[in-house]
There are 2 protein chains.
Amino acid sequence: MKRVTIKDIARIAGVSYATISRALSGSSEVSEQTRKRILEICKQEGYRTNALARSLTCSKTNVIGLVVPDITNPFYAELALEIETFARQMHYNVMLCNSIHYENNIGELMDFLISHQVDGIILGSSRNEARACLHEYHKTIPSVLLGASISDEDEYCVNAVSVDNRAGGRMAAEYLLELGHRDITYLGFRPSSITHQLRYHGFLRAMEQRGLTLNVIENPENSSSLQAGYQLGKQLFAQGLTCTAIFAATDSLALGVIQAADEFNIRIPEDVSLLGFDNISYAALPKITLSTIDQRKSALAESAVRLLVSLIEQPSNDGYAHHMIRPALIERHSCAALQLTKPTP
Amino acid sequence: MKRVTIKDIARIAGVSYATISRALSGSSEVSEQTRKRILEICKQEGYRTNALARSLTCSKTNVIGLVVPDITNPFYAELALEIETFARQMHYNVMLCNSIHYENNIGELMDFLISHQVDGIILGSSRNEARACLHEYHKTIPSVLLGASISDEDEYCVNAVSVDNRAGGRMAAEYLLELGHRDITYLGFRPSSITHQLRYHGFLRAMEQRGLTLNVIENPENSSSLQAGYQLGKQLFAQGLTCTAIFAATDSLALGVIQAADEFNIRIPEDVSLLGFDNISYAALPKITLSTIDQRKSALAESAVRLLVSLIEQPSNDGYAHHMIRPALIERHSCAALQLTKPTP
DNA sequence: CTGTTAGCGCCTTCAA
DNA sequence: TTGAAGGCGCTAACAG
């Protein structure tokens with residue numbers, strides 16, 4: 001299993017290390033014939049340049065660290081793939097980590113990545129702590145927060161890219177309103193998350209502008225899972241159907257609501273409309289066909305990678321950037337116009 | 001952004017590099033007081049050991065490469081998380097790569113990982129080419145093939161762990177038979193994959209033992225996607241319902257079948273039973289509730305990691321291991337006993 | 001218990 | 001166009 005090194009090649013070719021190095025790196029200071037000869041020998045001997053050693057001398061690895069809560073979450077899986085794709089285009093590799101086992105000290109994970117000399121870090125998270133954590137590392141390593149919104153007031157010093165949650169919330173409300181709904185439940189609001197706060201405010205604002213009130217069911221958990229949605233859904237349906245539409249703060253919650261509705265024999269959208277947020281891949285499945293607000297993961301990913309790479313390649317940037325991506329409405333079959341729900345006789 | 005190195009610490013502490021190194025690595029050859037002092041200084045200065053440099057001198061990185069076709073595929077996402085978990089327990093980190101952009105030359109990806117000095121590689125794939133590819137690298141780096149079965153005949157020289165596909169196929173058939181089904185369609189057989197071959201043979205065998213014949217719909221694509229399942233499903237239903245149960249060779253295909261069934265107003269399981277294979281997370285969703293054969297990803301992951309680590313830590317192993325994991329039946333609500341389907345008057 | 005000294009594999013001046 | 005030498009940050013003998 002001994003690896004062949006640049007030295008071995010040099011010995012075989014009868015030249016010095018430096019020449020090999022030059023030949024490999026495409027330097028023009030090598031005669032074409034020796035280069036060809038060297039390349040030939042490399043092939044034959046199965047030479048592979050040692051990325052570690054190279055990175056050590058160059059003090060640049062060309063890898064960016066990506067941390068996501070849980071790759072099993074389809075939203076982050078899709079995001080991760082997009083990020084890898086864009087990064088590769090820009091000649092960076094990505095080192096992926098799940099933060100699920102580090103919930104309370106993402107710093108440890110950051111340290112791990114830093115000690116592996118990643119050139120920069122993209123931290124995917126919607127939790128508020130992530131923002132604070134990244135803030136601490138801001139001067140240590142180029143980094144961008146992905147997915148979590150930054151509040152406008154407290155100017156936390158982090159670079160971030162996220163969907164425009166306020167606009168997304170408004171968009172959701174307006175869609176439901178246009179369908180004629182007036183009695184709407186906002187399900188799964190998680191007050192501790194800025195992301196959720198903005199989403200909620202956008203939604204609420206649109207309601208208030210028409211003089212409508214909103215029934216809110218908060219999510220006491222600190223994650224928006226299918227299970228949480230199921231519990232909240234049961235809680236809602238147990239008291240009888242008092243609304244004609246439900247906005248679930250995330251698609252995962254919506255999935256849980258669907259499950260709860262099934263148990264109560266409530267049909268979607270005939271009995272109640274359901275709108276989600278995220279556009280995870282599950283939402284498009286047959287029988288689910290959830291209408292939702294798309295976070296446009298591809299745009300998020302591209303923006304995050306571009307921002308990070310610019311941070312890496314042109315340091316000295318003292319400011320902080322916050323890129324906002326416009327969300328988009330995806331209409332499937334979980335929302336109906338109100339007339340359909342309660343036909344006029 | 002200049003990082004503080006072991007040298008800086010040494011200078012500050014007024015000792016030599018070696019002492020720092022020893023203090024950090026928990027060597028017993030350092031007095032407790034100097035160690036404490038050193039650790040203190042490291043904290044204050046924000047020292048982080050450079051994993052690259054360490055790996056270079058130790059010629060061991062403690063990272064294992066994991067390549068999966070596409071992390072967006074929930075089966076592989078779950079597998080990847082399990083692998084990371086087990087690896088961490090054994091003090092290894094994992095470097096994840098999607099092979100989706102390298103379909104035709106996984107070798108390039110292998111070379112990438114090797115040049116990054118991973119200690120070993122787990123290659124997740126059900127494609128036959130993967131087997132051949134890994135075979136070439138067998139003597140270059142410890143590696144194990146995950147998910148793809150090895151045929152018993154052609155003793156390809158690779159270490160592998162996979163579910164026992166033949167047993168899984170048999171299990172699927174027997175379940176359907178016990179429910180009283182006799183007219184069964186095997187949907188999505190992909191002859192080019194050994195994995196599929198074994199699964200199919202197990203299934204067929206069980207049928208033949210009862211003197212029954214099997215309606216087979218092959219999948220001409222080289223991947224078992226929802227889209228493929230949808231096409232095959234339409235093809236099946238277009239000719240009228242001639243079977244009482246369908247076995248879909250993978251859950252993804254089954255999802256497509258569900259979609260097709262919806263269009264034809266065919267109810268599952270009332271009109272036809274549907275059984276999948278894999279137990280991807282989608283299968284458990286409300287309204288889907290797909291009965292399926294579980295690949296027991298956790299067991300697969302653990303077995304693969306253990307095998308690889310043993311290969312890494314005790315080389316000189318000349319043989320080839322093939323671990324088989326017993327699949328398990330997961331009953332949900334997509335299969336019904338035949339009586340329910342066609343009640344006796 | 002602590003310091004000195006080689007490297008690990010590669011890149012990059014500086015000479016030739 | 002090519003060679004020699006130093007150094008990236010760290011570990012592991014080998015001495016003291």
Side-chain angles (χ1 to χ4, degrees), chain A residues 1-39 41-42 45-63 111-119 141, chain B residues 1-39 41-42 45-63 111-119 141:
Chain A
M1 299 266 186
K2 189 77 190 68
R3 302 253 148 74
V4 18
T5 79
I6 215 171
K7 262 183 192 162
D8 302 316
I9 305 293
R11 188 164 23 75
I12 297 173
V15 295
S16 69
Y17 320 166
T19 305
I20 310 293
S21 175
R22 281 191 270 257
L24 258 38
S25 66
S27 158
S28 59
E29 311 179 342
V30 176
S31 74
E32 258 319 305
Q33 55 174 5
T34 54
R35 149 170 299 135
K36 272 182 93 169
R37 196 161 58 86
I38 287 172
L39 260 31
I41 296 179
C42 287
E45 301 296 316
Y47 168 80
R48 290 183 183 84
T49 133
N50 183 326
L52 263 46
R54 189 211 293 276
S55 297
L56 188 59
T57 74
C58 300
S59 46
K60 175 126 203 286
T61 54
N62 273 78
V63 357
D111 286 337
F112 168 78
L113 288 170
I114 293 174
S115 83
H116 276 265
Q117 312 302 115
V118 297
D119 292 335
I141 187 168
Chain B
M1 300 264 186
K2 188 79 189 68
R3 304 251 148 75
V4 17
T5 79
I6 214 172
K7 262 184 191 160
D8 301 316
I9 305 293
R11 188 163 24 74
I12 296 174
V15 295
S16 70
Y17 321 165
T19 305
I20 310 291
S21 174
R22 279 190 274 257
L24 260 39
S25 66
S27 159
S28 59
E29 311 180 341
V30 176
S31 75
E32 259 320 304
Q33 55 173 6
T34 54
R35 150 171 298 135
K36 272 181 93 168
R37 196 161 58 84
I38 288 172
L39 258 32
I41 298 178
C42 286
E45 302 295 315
Y47 168 80
R48 291 183 184 82
T49 132
N50 183 326
L52 264 46
R54 189 212 292 279
S55 296
L56 187 58
T57 77
C58 299
S59 45
K60 176 127 203 287
T61 54
N62 272 79
V63 357
D111 286 336
F112 168 79
L113 288 170
I114 293 174
S115 83
H116 278 264
Q117 311 302 117
V118 297
D119 292 334
I141 187 168

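In what follows, chains are A, B, ... by sequence order, proteins preceding strands, each numbered from 1. Here the structure is a predicted model, which means the values were calculated and not measured.
- Side-chain contact between B:Ile141 and A:Arg3 is present, with at least one heavy-atom pair separated by less than 4.5 Å.
- Contact between the side-chain N/O atoms of B:Thr34 and the OP1/OP2 oxygens of C:dT2 is found at a separation under 4.0 Å.
- Taking the side chain as every heavy atom from C-beta outward, A:Asn50 and B:Ser115 never approach each other to under 4.5 Å.
- What separates CZ of B:Arg22 from P of D:dA15 is a distance of 15 Å, to the nearest Å.
- At whole-Å resolution of the value, CD1 in B:Ile20 and P in C:dC1 are 16 Å apart.
- A heavy-atom distance below 4.5 Å is found between the side chains of A:Ile9 and A:Val4.
- Using a 4.5 Å heavy-atom cutoff, the side chains of A:Val63 and A:Gln117 are not in contact.
- Side-chain contact check for B:Asn62 versus B:Lys60: some heavy-atom pair is nearer than 4.5 Å.
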Identify the pairs formed between an N or O of the protein and an N or O of nucleotides 7-10 of chain C at a distance under 3.5 Å, and give each distance.
from, atom 1, to, atom 2, distance (Å)
C:dC8, OP2, A:Lys7, NZ, 3.3
C:dC8, O2, B:Thr57, N, 3.3
C:dC10, OP1, A:Tyr47, OH, 2.7
C:dC10, OP1, A:Asn50, N, 3.1
C:dC10, OP2, A:Ile6, N, 2.6

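- For the pair B:Lys36 NZ and C:dC1 P, the interatomic distance rounds to 16 Å; values are reported in whole Å.
- Taking atom CD of residue A:Glu32 and atom P of nucleotide D:dT2, one finds them 11 Å apart after rounding to whole Å.
- Between A:Thr19 and the phosphate of D:dT1, there is no side-chain N or O to OP1/OP2 separation shorter than 4.0 Å.
- Using a 4.5 Å heavy-atom threshold, the side chains of A:Ile20 and A:Tyr47 count as separate.
- Rounded to whole angstrom, the span from the CD atom of A:Gln33 across to the C1' atom of D:dT2 amounts to 13 Å.
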